[in-house]
Protein chains: 2
Amino acid sequence: MVKNTGSTPRREESLSRDKIIEASIALLDSSGESGLTFRALAERLATGPGAIYWHVANKSDLLTAACDAIVARTLDAPATQTTPKGIIRALALAMFDAIDAHPWIGSALTRAPGELPTVRILERLGQQVRAIGVREDAQWATVSALLSYILGVSAQNAANAHIGRERGVDRSAFLGQVSTMWLQLDPDEYPFTRSVAGHLVMHDDRVDFVEGIDLILGGIA
Amino acid sequence: MVKNTGSTPRREESLSRDKIIEASIALLDSSGESGLTFRALAERLATGPGAIYWHVANKSDLLTAACDAIVARTLDAPATQTTPKGIIRALALAMFDAIDAHPWIGSALTRAPGELPTVRILERLGQQVRAIGVREDAQWATVSALLSYILGVSAQNAANAHIGRERGVDRSAFLGQVSTMWLQLDPDEYPFTRSVAGHLVMHDDRVDFVEGIDLILGGIA
DNA sequence: ACCTGAACACCGTTCAAGT
DNA sequence: ACCTGAACACCGTTCAAGT
């Protein structure tokens, strides 16, 4: 049995980067993006706001770290698909569901370009695009289109959830509000928007999302 | 000549929603998203912060209004293309350039889903997708894919510009930093990301962007 | 009807001081 | 090495009071 070599025995409840990130995720999940506050976090961790800065550079660092923890977990799920396109589809859906469960990662993802969370997704997509057999010089464009699309949907879903929370209604009720807003637009100026307003309330986001992925995948072949 | 019918002659410099929005755009263009402050705005307009609230509901309202002003101007440019796909391409490029000139609209766009600025783009895209001859029940999926992709790229470009500004470097210098970061990743875990790191510095964002649009348009036919 | 500006209730971040 | 908590320099928003 290893004895504690230091003089001051470490408490089990001592602060750590991981513990701060876990607490941040809990806070973000329960109270949204505006719920993540150094003061609220400090209270939850039974410490002062300054203590957190010992383990974390700043708020943006904290947010991307929390985001990365979720993304890493999400991508770690074992692949049940076997074809490259199937894996891409599954991967995209896994991200969609993760953002549905943690809307705040949608905005966190887009706010930290080139950072670890985005790179994780980029890499996974890239490996499958290679497996499809896309020519070397076209790989970047393909992967970056997929990534932009996924991030675009993510950000919009996050925004939907955010505004829904603000108005105290759930996601589908919010879409209902948007739909009635669209129906009040000028018929001459906004014919298309009015024509899809009805579809907006009934549609399944998840299905539409994969259709978009398939559209891009279809453009490859 | 029409006489002023009211008793108090209106000053020419009196506050108005439009004047507030113009001042906001100037502030956002010169100092970024964090530069838009009710206090800074009040100073620029030679008034108090409270006065602004008479013409504008809150900061989010102000930001979407400023965003909408830019989007409306951008989409008002006369179409030089004649084919539906050509118009879509031109429209997407116009948005790309607008976001390049005013990076803050990237995040403003995604933060106000279903609002006027997004609907303007949606409508334009929708009309052209109809013109292509996409079946009624597939129109929504197509348009929403295009929109999500455009918004996704927008948000990322905005984020790139934002971080670049924070670090005091320009856009391409920032991409250079990301590129060297990617080259330091583990070769076994991140082969694809490393292989495209070089491409990241040399590529033309604008060209890549249209390639993505074409990929989606290709998936339609 | 429209504007003023002080006041309220917050923020992220820093830093001397403690252990 | 790590933590504390007061203090700094801000925010968005409100609202009594003015014209």
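Per chain, numbering begins at 1; letters A, B, ... match sequence-line order. Worth saying up front: this structure is predicted, and the values here are computed from it rather than measured.
Formation of a donor-acceptor pair under 3.5 Å by the A/S30 side chain with backbone atoms of A/L27 is found in this model. A donor-acceptor pair is defined here as one N or O able to donate and one able to accept, closer than 3.5 Å; no such pair exists between the side chain of B/S179 and the backbone of B/L175. For B/E123 (side chain) and A/T193 (main-chain N/O), a donor-acceptor pair under 3.5 Å exists by modelled atom type.
Within 4.0 Å (heavy atoms only), A/L36 reaches sugar-phosphate atoms of the nucleic acid but no base atom. B/L62 comes within 4.0 angstrom of no nucleic acid atom, judged by non-hydrogen atoms across all strands.
A sub-4.0 Å separation between OP1 or OP2 of C/dC3 and a side-chain N or O of B/H55 is present. In this structure, B/W54 does not reach the C/dC3 phosphate: none of its side-chain N or O atoms is under 4.0 Å from OP1 or OP2.
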### Task
Determine which bases of DNA chain C form Watson-Crick or G-U wobble pairs with both distances under 3.5 Å, and write the result as a 5' to 3' dot-bracket string with | for other-strand partners.
||.|||||...|||||.||

## Note on the structure
With B for base contact, S for sugar-phosphate-only contact and - for none (protein heavy atoms under 4.0 Å), nucleotides 13-19 of chain C reads BBB----

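The separation between B/K19 atom NZ and C/dC2 atom C1' is 14 Å, rounded to whole Å. Going from atom CG of B/L45 over to atom P of C/dT4 covers 10 Å, rounded to whole Å. Atoms CG (A/L41) and P (D/dG5) sit 16 Å apart, rounded to a whole Å. The separation between A/I52 atom CD1 and D/dG5 atom C1' is 12 Å, rounded to whole Å. If you measure from atom CD of B/E33 to atom P of D/dC11, you get 14 Å, rounded to the nearest angstrom. For the pair B/L15 CG and C/dC3 P, the interatomic distance rounds to 5 Å; values are reported in whole Å.
The 12-atom threshold is not exceeded at CD of A/E43, counting heavy atoms of other residues, nucleotides or ligands nearer than 6.0 Å.
A search for side chain to side chain contact (heavy atoms under 4.5 Å, CB included) contacts involving A/D186 returns A/D188, A/E189, not counting sequence neighbours.
Among residue pairs with one or both ends in residues 93-122 of chain B, those qualifying as side chain to side chain donor-acceptor pair (under 3.5 Å) are B/D29-B/H102, B/D29-B/W104, B/E33-B/S107, B/E33-B/R111, B/D68-B/R120, B/D97-B/R206; sequence neighbours excluded. Counting only residues at least two apart or in different chains, salt bridge (charged side-chain N to carboxylate O under 4.0 Å, His left out) contacts with residues 48-65 of chain B comprise B/R17-B/D61. The salt bridge (charged side-chain N to carboxylate O under 4.0 Å, His left out) contacts involving residues 70-79 of chain A comprise A/E22-A/R73, where partners must be two or more places apart or lie in separate chains.
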### Task
Could you give me the CA-CA distance, side-chain angles and deciding distance for A/F209 and A/F96, then say whether ring-ring contact (aromatic ring centres under 6.0 Å, His included) is met?
CA-CA 8 Å; A/F209 174 67; A/F96 186 91; 5.1 Å; yes

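Closest to the side chain of B/T47, out of D/dA1, C/dT4, C/dC3, is C/dT4.
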